[in-house]
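Predicted model, so just to flag it, every value in this text is computed and none were measured. Numbering of residues begins at 1 and proceeds along the displayed sequence. Values below: all heavy atoms of this structure, side chains included; hydrogens, waters and symmetry mates excluded.
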Amino acid sequence: MYRPYEEIFKRKPDFRVTYTIFSQEEGGRYNLPNQGIRWDFWYEHPAHPKGMLFIIYPEFEDFSGNIITDPTLTVSKYGTARMWILADEKTEYHRNKIIVGTRGFFMEGSKKVGECEVIELINLKQNFVCLT
C-alpha cells in the first residue's frame, strides 16, 4: 500500500499542477509511471541557471482529486498532481518564484518526460505548515 506524503512529511503539499506525461513518440517515456515515482522538477526563472533541477516530487491524484493509493496502477497520461519540495530549506527559495501559471517539467536526468502548469499554491502561499 502506498503511504501518502502528507502522512510521511506531516505537512501539506507545496503546490498542485495539471500535467501531461510525454509518450515515447513525443520524446518521453516508454510506459506511464506508477505512484511514487521520484522525478525531479524544472522550471525556468532568471534566478537559477537553465537546466537546474529541483528535488520536487509529484504525488498523483485520481480524477476526483484524491491521492492514488495503489502503487501498482499506472497513472493517467493527463491529470493533476500534488507537488512536494523535499528540501525544507528550498521552500523559501521557491516561494515567490513558483506562482499559479508557472510551467515546468518532470525530469528524468536531462530528459523532459512530462509538462505541467501550477494551478494552486498551498504551502508556498503561506508559512510552512506542519501537521500534528
Side-chain angles (χ1 to χ4, degrees):
M1 187 72 160
Y2 177 79
R3 189 170 167 213
Y5 287 155
E6 191 168 314
E7 182 181 314
I8 294 169
F9 300 133
K10 307 285 189 241
R11 64 178 177 85
K12 296 287 186 186
D14 296 293
F15 58 99
R16 287 181 66 236
V17 298
T18 58
Y19 71 84
T20 301
I21 298 171
F22 300 145
S23 66
Q24 187 175 24
E25 295 77 29
E26 297 168 308
R29 295 181 56 89
Y30 179 72
N31 293 319
L32 291 170
N34 298 64
Q35 182 72 284
I37 192 156
R38 288 174 164 76
W39 280 330
D40 287 322
F41 184 73
W42 179 80
Y43 65 100
E44 190 170 337
H45 190 277
H48 53 260
K50 185 173 181 150
M52 184 176 196
L53 297 180
F54 299 102
I55 305 170
I56 302 176
Y57 292 165
E59 187 174 46
F60 298 98
E61 300 175 335
D62 64 19
F63 290 111
S64 297
N66 300 309
I67 294 297
I68 297 170
T69 57
D70 185 344
T72 66
L73 297 177
T74 56
V75 301
S76 176
K77 179 176 174 59
Y78 307 97
T80 57
R82 300 173 193 184
M83 300 296 288
W84 296 85
I85 299 170
L86 273 281
D88 290 346
E89 66 275 7
K90 289 293 187 182
T91 301
E92 281 307 313
Y93 176 84
H94 295 292
R95 189 171 307 279
N96 295 311
K97 295 174 184 68
I98 295 176
I99 60 173
V100 171
T102 296
R103 296 175 59 90
F105 295 94
F106 296 139
M107 304 292 294
E108 288 182 354
S110 62
K111 183 178 181 179
K112 294 176 182 174
V113 295
E115 183 176 28
C116 52
E117 183 175 335
V118 176
I119 59 170
E120 179 184 8
L121 300 178
I122 303 171
N123 265 343
L124 284 183
K125 72 176 180 184
Q126 57 196 17
N127 291 331
F128 212 60
V129 176
C130 291
L131 303 176
T132 55

Participant: In Å, rounded to the nearest 0.5 Å, how long is the span from CG of Asp88 to CZ of Phe9?
Facilitator: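 Between Asp88 CG and Phe9 CZ, I get 9.0 Å after rounding to 0.5 Å.
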Participant: Describe, in one word, how the ring planes of Tyr57 and Tyr5 are oriented to each other, choosing from parallel (under 30°), tilted (30 to 60°) and perpendicular (over 60°).
Facilitator: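 If you compare the ring of Tyr57 with that of Tyr5, the planes turn out tilted.
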Participant: Could you grab the distance from atom OG1 of Thr91 to atom CD1 of Ile85, nearest 0.5 Å is fine?
Facilitator: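 Between atom OG1 of Thr91 and atom CD1 of Ile85 there are 4.5 Å.
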Participant: Would a 4.5 Å heavy-atom cut-off, applied to side chains only, mark His45 and Tyr93 as touching?
Facilitator: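 Heavy-atom side-chain distance check fails, nothing below 4.5 Å.
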Participant: Rounded at 0.5 Å granularity, tell me how far CG in Asn31 sits from CD1 in Ile21.
Facilitator: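 It is 11.0 Å, given to the nearest 0.5 Å.
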Participant: With side chain to side chain contact (heavy atoms under 4.5 Å, CB included) as the test, pick out the partner of Cys116 among Phe15, Phe41, Phe105, Tyr43.
Facilitator: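 That would be Phe41.
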Participant: Does a side-chain heavy-atom distance below 4.5 Å link Pro33 with Val75?
Facilitator: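 Yes; the side chains approach each other to less than 4.5 Å.
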Participant: About how many Å separate CD1 of Ile67 and CD of Glu59, when rounded to the nearest 0.5 Å?
Facilitator: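 CD1 of Ile67 is found 3.5 Å from CD of Glu59.
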Participant: Do the side chains of Ile122 and Arg11 get nearer than 4.5 Å, heavy atoms only?
Facilitator: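 Not in contact.
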Participant: Step by step, work out the side chain to side chain contact (heavy atoms under 4.5 Å, CB included) result for Met83 and Asp14.
Facilitator: CA-CA 6 Å; Met83 300 296 288; Asp14 296 293; 5.7 Å; no
Participant: Please determine which of Lys111, Lys112, Lys77 meets the salt bridge (charged side-chain N to carboxylate O under 4.0 Å, His left out) test together with Glu26.
Facilitator: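 Among the candidates, only Lys77 passes.
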Participant: Heavy-atom count check: over 12 atoms from other residues, nucleotides or ligands less than 6.0 Å from Asp70 CG?
Facilitator: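 Counting neighbours around CG of Asp70, more than 12 heavy atoms of other residues, nucleotides or ligands fall under 6.0 Å, so yes.
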Participant: Just checking Phe54 against His48, ring centres under 6.0 Å apart?
Facilitator: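 Under 6.0 Å, so yes.
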